[in-house]
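All chains are named by letter (A, B, ...) in the order of the sequence lines, taking the proteins before the strands, and each is independently numbered beginning at 1. Bear in mind the structure is a predicted one, so any value in this text is a computation, not a measurement.
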Amino acid sequence: MTTHKPHAQTGVTAGYDPAAVESKWQTRWRERGTHETDLEHGRNPLYVLMMFPYPSAEGLHVGNLFAFTGNDIYGRFQRLQGHTVFEPLGYDAFGIHSENYALKVNEHPMRLIPANIANFRRQLDGAGLMVDWRYSVDTTDPAYYKWTQWVFLQLYKRGLAYRKKAAVNWCPSCKTVLANEQVIGGHCERCGTPVEQRMLAQWFFRISDYAERLLKNLDWIDWSESTKLTQRNWIGRSEGAEISFRVLDPFEQAGSSTVTVTQEIKAEPDVIKVFTTRPDTLFGGTYLALAPEHPLVERITTDAQWDEVMAYRERAGRQDIVSRKVNKEKTGAFTGSYALNPATRRPIPIWVADYVLMDYGTGAIGGVPAHDERDFEFAKQFDLPIVRVIARQNEPASAPVHEPMADTEGCRLVHSGQFDGKSVADGHRAIVQWLEAKGSASKTVSYRLHDWCISRQRYWGPPIPIIHCDKCGTVPVPEEDLPVELPDIPNFKPDDSGVSPLARHKEWYEVHCPQCGGNARRETDVSDTFLDSGWYFLRYPSVGHDDVPFDAELTKRWLPVDSYIGGNEHAVLHLLYARFLTMVLHDMGYLDFEEPFKKFRAHGHIIREGAKMSKTHGNVVVPDAYFAQWGADTFRTYLMFLGPFEEGGDFRDAGISGVRRFLDRLWSSVSAASADGSPDPLVMRKLHQTIKKVTDDIASLGYNTAIAAMMEYVNVLRKNERTPHRAEVEPLIQLVAPFAPHMAEEAWEKLGHNVSVMDSGWPAYDAEVAREELVQLAVQVNGKLRGTVQIAPNAVQDAVLQAALADPNIAKHVTGEPRKIVFVPGRLLNLVV
RNA sequence: GCUCGGGUGGCGGAAUGGUAGACGCGAGGGACUUAAAAUCCCUUGCCCGUAAGGGCGUGCGGGUUCGAGUCCCGCCCUGAGCACCA
């Protein structure tokens, strides 16, 4: 027998030394290949993916680490549960981030990135992630982007990549084109500069062709609801009708009292198609409005109105997107022409207005001032007629329209000819049917999702593998010629020319046409960094297979990804693009699945000083100092203890000490553990309750409550300075291993095991051991708690009632026979008197 | 403006419609120490009461229910996203 009390006396200094333990195990893991996954033979494969970081010069910050740790815990948990877990990580190192930083510090990204990656790797290893680094990717490595270019070529082959001159989002500060997804409220996502419109020839991917499928599959994929909702809204499906308005020729217009004839007669009448979700309001359409960029504007503008319309169009085009979108004041110009409202058979004026967007619907609208806020404002501004065609239940048809009314529920059609009195829904159907029969309407669906512009007039990206030949036109680079390597040029600074810095390098872009051999020119734009990240998860298992983008066998075995956890800020960027590219590769027969991520969970964000931790808020914390002071295990556990993983948490230094204390105590219990005697049944009961709670909580990412449960157990283990039994401690080490892997390894070894704790399995839960003999059952009188009784959990009502009334304090509130008794076995008794 | 989250002690946060505040921080008291740190133990929602006990409490106002932090209706505040999308 020992006379000293090792348990009570083991303090921090004497016992747990994280610095030593962590460096020892990081070395050992590397030497033993503990984190190496047997991709070919591992049983029960499970692919756990985390969003790969952009390796910034500032290094890994706590926001990144929070996400990685949450993923790592899940991966380790699954491994302990018997899966062969593949948990790779790489670097998303191309893109404007890196390039701008390189420009700022006046260094070349080709030199800068490797140093940043090395620093990240040091930090990531310090965090104790279970990453198999043999399968890492770096998007800037030609061996990787060779296949990014290959992906582009597949889309090109499939007719899903096309080039067109289009009004695109141009950031005057970054000097490049941005995708719609990169424009936040009219400003550049990167630098916050107001985005301008420019007409440039750009490469696009036809993601809009996949809008319906991208939307439909959301119904069955197991993703966070919030992420799915964001994608649904972004895809923005609207059902409605396309209605044709015939432009009147001048003679017809002459019939209208307000018009002077100046136009020539056209052989074929022009037709303006309009998209609407409210065909039921068609009788209230009192004008048409075209987007300034609409192709028919020039044809229909009369001589008298020509100058005014052209001037207006020029102004609208020059205006940057921000003021066009944010400035809600309605402007416009009358074209001088009229169109026939197919419902009322009356001529209505055609206007040009910049509140009509060319890239949604048909670029033209039928103005219904009475029932649309914007049309109402426009009609007020230009004194156009406002006709009520929808009325609420008790509203007379003649009620004046003081403000636009877009209600549909309980409303009926008025001033709508034969459709008067119909409900909005019926009127909608009937009017479309009626016009369809006449050939002037058809049911359609419109999406807000636009094609993905992937051209970037920058340097730091994979060149788009296209060659422009005067004779042959656009020629794809033959696959055997990939990669088209990005040249190492000293001056990569972008300029205002609208073309990439690569366009300043003749020696690079002058090539022979792969088809005719004549003189030709390389495409000098590079592709969007989201193309790099749109398929990286396909590459990980096949790293090393240099002759294919992804090996068929390995892909079959490991994909689709089983678990993906990442930030919701990528809901409409990366996560939508990855789904799209996967669908395309599936349709081309390269993949046998069409959704890349079986399960996706959005994690929360670390808040510090009231704002999300990010570089833009200037509140980032780098983990290194915390690792040094507290240990990586403590810091990992602390981050997960801050709050629910899917909601994030408030970062502050206070609180870390509590987690460290928990690990210290756990450690001293391990140190004190003895194999003598037998375990305490009460402690074993709590242990099995803890096993259940921790298992369930980790599976549902409830890391904070899993940690709380383990803390509770450690408190029980240590009660009254007792010496814990080995059997009480050993399973706890396995439970804590996902959170504090270094310490768990050390403790496991200390207890005499010579395999990694990660290969020791997960403790089995025994419901019988966990069962409570007595529960504290609440007794209420009229819904107010008046006491509790200690009783068997399966006690019947009468037994509980008897026990309750034996308590004088309860009895004194019960006067006479209860009118009603509510009994919930094992929980509560409520007496209503 | 629209959409989706969220409002619980001094703080971070727990609570399948069933004992609100688990766990942790902080604070107060005590043990150990010459002392401090560390460690260990106790207390800790607010109010009345020596106590037993009682009253009040989950942003605000209503409602449903034996019973509401949890469900319903109407507000307020706050975070995030979208934003002239026809």
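Across the P atoms, B:rA15 and B:rG6 are found 13 Å apart, a figure rounded to whole Å. Nucleotides B:rA20 and B:rC56 have their C1' atoms positioned 13 Å apart, rounded to a whole Å. Comparing B:rG18 with B:rC4, their P atoms sit 26 Å apart, to the nearest whole Å. Here the separation of B:rG12 from B:rA36, taken at their P atoms, is 32 Å to the nearest Å. For B:rA22 and B:rU33, the C1' atoms lie 34 Å apart once the distance is rounded to whole Å. To the nearest whole angstrom, the two P atoms, one in B:rG17 and one in B:rC82, are 33 Å apart. B:rC47 and B:rU78 have their C1' atoms separated by 30 Å, with the value rounded to a whole Å.
Under 4.0 angstrom from either OP1 or OP2 of B:rG5 there lies no side-chain N or O belonging to A:Asn568. OP1 or OP2 of B:rC4 has not a single side-chain nitrogen or oxygen of A:Arg232 nearer than 4.0 Å. Taking only side-chain nitrogens and oxygens, A:Arg661 comes nearer than 4.0 Å to OP1 or OP2 of B:rG26. Within the structure, a side-chain polar atom (N or O) of A:Arg718 is placed less than 4.0 Å from OP1 or OP2 of B:rC40. Distances shown here put a side-chain N or O of A:His813 below 4.0 Å from the OP1 or OP2 atom of B:rG54. OP1 or OP2 of B:rA86 has not a single side-chain nitrogen or oxygen of A:Ser446 nearer than 4.0 Å. The phosphate of B:rG53 (OP1 or OP2) has no side-chain N or O of A:Arg786 nearer than 4.0 angstrom.
To the nearest angstrom, P of B:rU65 lies 10 Å from NZ of A:Lys820. Atom-to-atom, CG of A:Asp664 to P of B:rC40 comes out at 8 Å; the value is rounded to the nearest Å. As rounded to whole Å, 17 Å separates atom C1' of B:rA38 from atom OH of A:Tyr16. What separates CD of A:Gln776 from P of B:rA20 is a distance of 12 Å, to the nearest Å. Atom pair A:Lys812:NZ and B:rG53:P shows a separation of 8 Å (rounding to whole Å applied). A:Asp17 has its CG atom 18 Å from the P atom of B:rA38, to the nearest Å. Here the P atom of nucleotide B:rU3 and the CG atom of A:Leu229 are 11 Å apart, to the nearest Å. Rounded to whole Å, atom C1' of B:rG53 lies 12 Å from atom CG of A:Asp807.
Aromatic ring centres of A:Phe530 and A:Trp452: separated by at least 6.0 Å.
Across all strands shown, A:Glu712 has heavy atoms under 4.0 Å from sugar-phosphate atoms exclusively, and none from any base. Nucleic acid contact for A:Gly655: sugar-phosphate only, since backbone atoms but no base atoms lie under 4.0 Å from a heavy atom of the residue.
Note that the CG atom of A:Leu449 and the CH2 atom of A:Trp234 stand 8.5 Å from one another [nearest 0.5 Å]. Atom CG of A:Leu215 sits about 10.0 Å away from atom CG of A:Asn233, to the nearest 0.5 Å.
For A:Glu225 and A:Lys228, the salt-bridge test passes: some basic side-chain N is under 4.0 Å from an acidic carboxylate O. Taking the charged nitrogens against the carboxylate oxygens, A:Lys443 and A:Glu239 have no contact shorter than 4.0 Å, which rules out a salt bridge. Ion pairing of A:Asp219 with A:Arg232 is present here, as a side-chain N (NZ or NE/NH1/NH2) and a carboxylate O approach within less than 4.0 Å.
A donor-acceptor pair under 3.5 Å is formed between the side chain of A:His371 and the backbone N or O of A:Ile390.
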task = Start with the C-alpha distance between A:Phe651 and A:Tyr626, add both sets of side-chain angles, then the distance that settles ring-ring contact (aromatic ring centres under 6.0 Å, His included), and finish with yes or no.
result = CA-CA 12 Å; A:Phe651 185 89; A:Tyr626 290 88; 5.6 Å; yes
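Picking from B:rA22, B:rA83, B:rG81 the nucleotide with the shortest atom distance to the side chain of A:Arg448 gives B:rA83.
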Considering only nitrogen or oxygen atoms on both sides, find all protein atoms under 3.5 Å from nucleotides 9-15 of chain B and state each distance.
residue : atom : partner  : partner atom : Å
B:rC11  : O2'  : A:Arg652 : NH1          : 3.1
B:rG12  : O2'  : A:Leu642 : O            : 2.9
B:rA14  : OP1  : A:Asn704 : ND2          : 3.0

